[in-house]
Participant: 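Once you've had a glance at the structure underneath, I'll fire off some questions.
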Protein chains: 2
Amino acid sequence: MGLAGHEVLAAVLQVRAGSLQVMLWERAREPHAHRWSLPGGGLGDDEDVETSIRRQLAEKVDVRQLSHVEQLAVFSNPARVPGLRVVATAFLGLVPSHIDPVVPSDTAWHPVDTLPSTAFDHQAICRRARSRLASKLSYTNLGFALAPPEFTISALRSLYSAALGYKVSATNLQRVLSRRGLLEPTGGTVQPGPSGGRPAALFRFVSGEMRITDPFAVLRPPSTRSLGS
Amino acid sequence: MGLAGHEVLAAVLQVRAGSLQVMLWERAREPHAHRWSLPGGGLGDDEDVETSIRRQLAEKVDVRQLSHVEQLAVFSNPARVPGLRVVATAFLGLVPSHIDPVVPSDTAWHPVDTLPSTAFDHQAICRRARSRLASKLSYTNLGFALAPPEFTISALRSLYSAALGYKVSATNLQRVLSRRGLLEPTGGTVQPGPSGGRPAALFRFVSGEMRITDPFAVLRPPSTRSLGS
DNA sequence: TCAAAAGTGTTAAGTTTACACCCATGG
DNA sequence: CCATGGGTGTAAACTTAACACTTTTGA
């Protein structure tokens, strides 16, 4: 009557080498030996699911390196793992691109577009994570979670392109994020490379907390014409 | 090590008498006797969470009356219910406005804006459900789940207004939903009331499956200028 | 003929895309 | 002075909100 194991799993995503990658570890033992799986584990008695996934990820990456964590969904197919029933709460985790976490020897990063053989239903969880990230990049300030503290617009463009899976225009990216008040110039610039070019200005995200920035695509509340800056 | 009770709960919403209401039942016994709580119960051994919530709702309302069901989130605070630990997967359920389900005697509908004293963390779940519904009305075709098979634009306007919590213009509602191809006229009309007026045309939703209709607020993929009708 | 309700026309505002053009630097 | 990025100006496209106006009916 409703008694089941409960595990928490996280698809930790990071833009690495120009592509969106997910952290996976290779199972040594059966079931699904040598297949790649998401980090996580059993829910402890005195912790909620978010506390739990943060604790378990600390074994893989320093939790301070996680710029964002959010619930994705429950995966509860009775046959999702063999043996005793285990329900999983899946999370999306993000690591900013300037960090290269030290990971255990059984753990590695894999591009989400070309996943290796994955264990259980972990591939579906990865897909869900990628999809959630792409959506939120459009209507929230979640870019902060992929980017280093300071960056050039073209660096940010690369991050967005990798996460979204298609080219983003640097011009328009800057316009949109600036209009919404998400970006501010640091005042600093970066020296051009050996082939020259104008020095790029550095920017930072104004906020490091996720916020919805494009709340209503349509059907907005009646205008109160008093919100303009 | 990760063994806990698991329950499924649903905030079933319907627009009734011009307001968005949620179905609650009054607890007879402790804990939280006489407080109102969401329908649901323990996860069965051979069912996933969605199957489970549909099964349990069948005791309250005919499942065929549910026009939409989706996961909201996991609620897992170790102290969320007294006694043995229970993790809950919360759902949003919707019932179209033309249906008046027969509910058990301990069960009643309550406006989500003026909830009675609720049990456990059920108030938070209700808020989450209302918020999810409002968001999805803007960027999906989820209106179909609130509306009867055929309806006038002004009836639809009332449904959207109740669910969103603010007045929606019938003119613009029709424009937006028609532009997106969600509505089609049935050809029928409704006779005007006793005070006269032009007969209203009847419409229906083209699809009864949830679909995202406004996928990218910004940062769209490069245009392929070949999608126009 | 008037009031009431429904539906259409039209304008204005806001946002984003696309692209031409200018800027700053290294060789 | 030219190539190479970086950044801005500007126009066009698209959508939605607001509201005036027309249509259709009952009294």
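Lettering follows sequence order; numbering is per chain, from 1.
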Participant: Of the candidate nucleotides C:dA18, C:dA24, C:dA6, which contains the atom at the shortest distance from the side chain of B:Arg198?
Facilitator: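 Closest nucleotide among those given: C:dA6.
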
Participant: Using a cut-off of strictly less than 4.0 Å, decide whether A:Ser195 has a side-chain nitrogen or oxygen near OP1 or OP2 of D:dG5.
Facilitator: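 A:Ser195 to D:dG5 OP1/OP2: side-chain N or O found under 4.0 Å.
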
Participant: Between atom CZ in B:Arg157 and atom P in D:dA17, what is the gap in whole Å?
Facilitator: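 Computing the B:Arg157:CZ to D:dA17:P distance gives 15 Å.
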
Participant: Could you state the CD-P distance from B:Gln191 to C:dA6, rounded to the nearest angstrom?
Facilitator: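 My rounded result for the distance is 13 Å.
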
Participant: Hey, does the side chain of B:Arg179 come within less than 4.0 Å of D:dT15's phosphate (OP1/OP2), counting only N and O?
Facilitator: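 It does, given that an N or O in the side chain of B:Arg179 lies less than 4.0 Å from OP1 or OP2 of D:dT15.
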
Participant: Any side-chain donor paired with an acceptor under 3.5 Å for B:Ser117 and B:Arg35?
Facilitator: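 Yes.
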
Participant: Separation of B:Asn172 atom CG from D:dA20 atom P, in whole Å?
Facilitator: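 Going from CG in B:Asn172 over to P in D:dA20 covers 14 Å.
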
Participant: Find the distance B:Lys167:NZ to D:dT16:C1' and express it as a whole number of Å.
Facilitator: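 B:Lys167 atom NZ is separated from D:dT16 atom C1' by 20 Å.
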
Participant: So does A:Glu50 pair up with A:Arg55, basic N to acidic O under 4.0 Å?
Facilitator: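 Not counted as a salt bridge, because no side-chain N and carboxylate O are separated by less than 4.0 Å.
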
Participant: Between D:dG9, D:dG6, C:dA6, which one does the side chain of A:Thr171 approach most closely?
Facilitator: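 Taking heavy atoms from C-beta onward, the closest nucleotide is D:dG9.
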
Participant: Just call it for A:Ser154: base, sugar-phosphate, or nothing, with non-hydrogen atoms closer than 4.0 Å on any strand.
Facilitator: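 The residue A:Ser154 makes sugar-phosphate contact but no base contact.
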
Participant: Starting at CZ of B:Phe203 and ending at C1' of C:dT8, how long is that distance when rounded to a whole Å?
Facilitator: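 Spelled out: CZ on B:Phe203 to C1' on C:dT8 is 12 Å.
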
Participant: State whether the number of non-hydrogen atoms from other residues, nucleotides or ligands found under 6.0 Å of B:Arg128 atom CZ is greater than 12.
Facilitator: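 12 or below, so no.
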
Participant: Consider the side chain of B:Gln174, meaning its heavy atoms from C-beta on, and name the nucleotide among D:dT16, C:dA24, C:dT8 that approaches it most closely.
Facilitator: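 Looking only at heavy atoms from C-beta outward on B:Gln174, the closest nucleotide is C:dT8.
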
Participant: Specify the residue among A:Pro194 and B:Ala201 whose closest nucleotide of DNA chain C lies further upstream toward the 5′ end.
Facilitator: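 This one resolves to B:Ala201.
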
Participant: From CZ of A:Phe151 over to C1' of D:dG6, roughly how many Å is that when rounded to an integer?
Facilitator: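 About 16 Å, once rounded to whole Å.
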
Participant: Just how far, in rounded Å, is C1' of C:dT15 from CG of A:Leu177?
Facilitator: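 Rounded to whole Å, this separation is 14 Å.
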
Participant: Please determine whether a side-chain nitrogen of the Lys or Arg among A:Asp100 and A:Arg16 lies less than 4.0 Å from a carboxylate oxygen of the Asp or Glu.
Facilitator: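 Here A:Asp100 pairs with A:Arg16 in a salt bridge, since their nearest N and O are under 4.0 Å apart.
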
Participant: Does the pair A:Leu24 and A:His110 meet the rule for a side chain to side chain contact (heavy atoms under 4.5 Å, CB included), with working shown?
Facilitator: CA-CA 7 Å; A:Leu24 298 171; A:His110 298 268; 3.8 Å; yes

Participant: Given that B:Gly197 and A:Gly193 both sit by DNA chain C, which one's nearest nucleotide is further toward the 5' end?
Facilitator: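 Its nearest nucleotide being more 5', the pick is B:Gly197.
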
Participant: Should B:Arg204 and B:Glu184 count as an ion pair when the cut-off is N to O under 4.0 Å?
Facilitator: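 Between B:Glu184 and B:Arg204 there is a salt bridge, with a charged N closer than 4.0 Å to a carboxylate O.
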
Participant: What nucleotide, of C:dA24, C:dA6, D:dT10, holds the atom closest to the side chain of A:Arg175?
Facilitator: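 Among the listed nucleotides, the one closest to the side chain of A:Arg175 is D:dT10.
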
Participant: Could you check whether A:Ala170 gets within reach of a base, just the sugar-phosphate, or nothing at all, counting any heavy atom under 4.0 Å?
Facilitator: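 No contact.
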
Participant: For C:dT16 and A:Arg180 - does any side-chain N or O of the residue sit under 4.0 Å from the phosphate oxygens OP1/OP2?
Facilitator: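 The answer is yes; a side-chain N or O of A:Arg180 sits under 4.0 Å from OP1 or OP2.
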
Participant: Please classify the nucleic acid contact of A:Thr152 as base, sugar-phosphate, or nothing, using heavy-atom distances under 4.0 Å.
Facilitator: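 Since no nucleic acid heavy atom lies under 4.0 Å of A:Thr152, the category is nothing.
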
Participant: CG of B:Leu202 versus P of C:dA6: gap in Å, rounded?
Facilitator: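 Checked: the CG to P distance equals 12 Å.
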
Participant: From C-beta outward on B:Pro199, which listed nucleotide comes closest to its side chain: C:dT17, D:dG6, D:dT25?
Facilitator: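 Ranking C:dT17, D:dG6, D:dT25 by closest atom to the B:Pro199 side chain puts D:dT25 first.
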
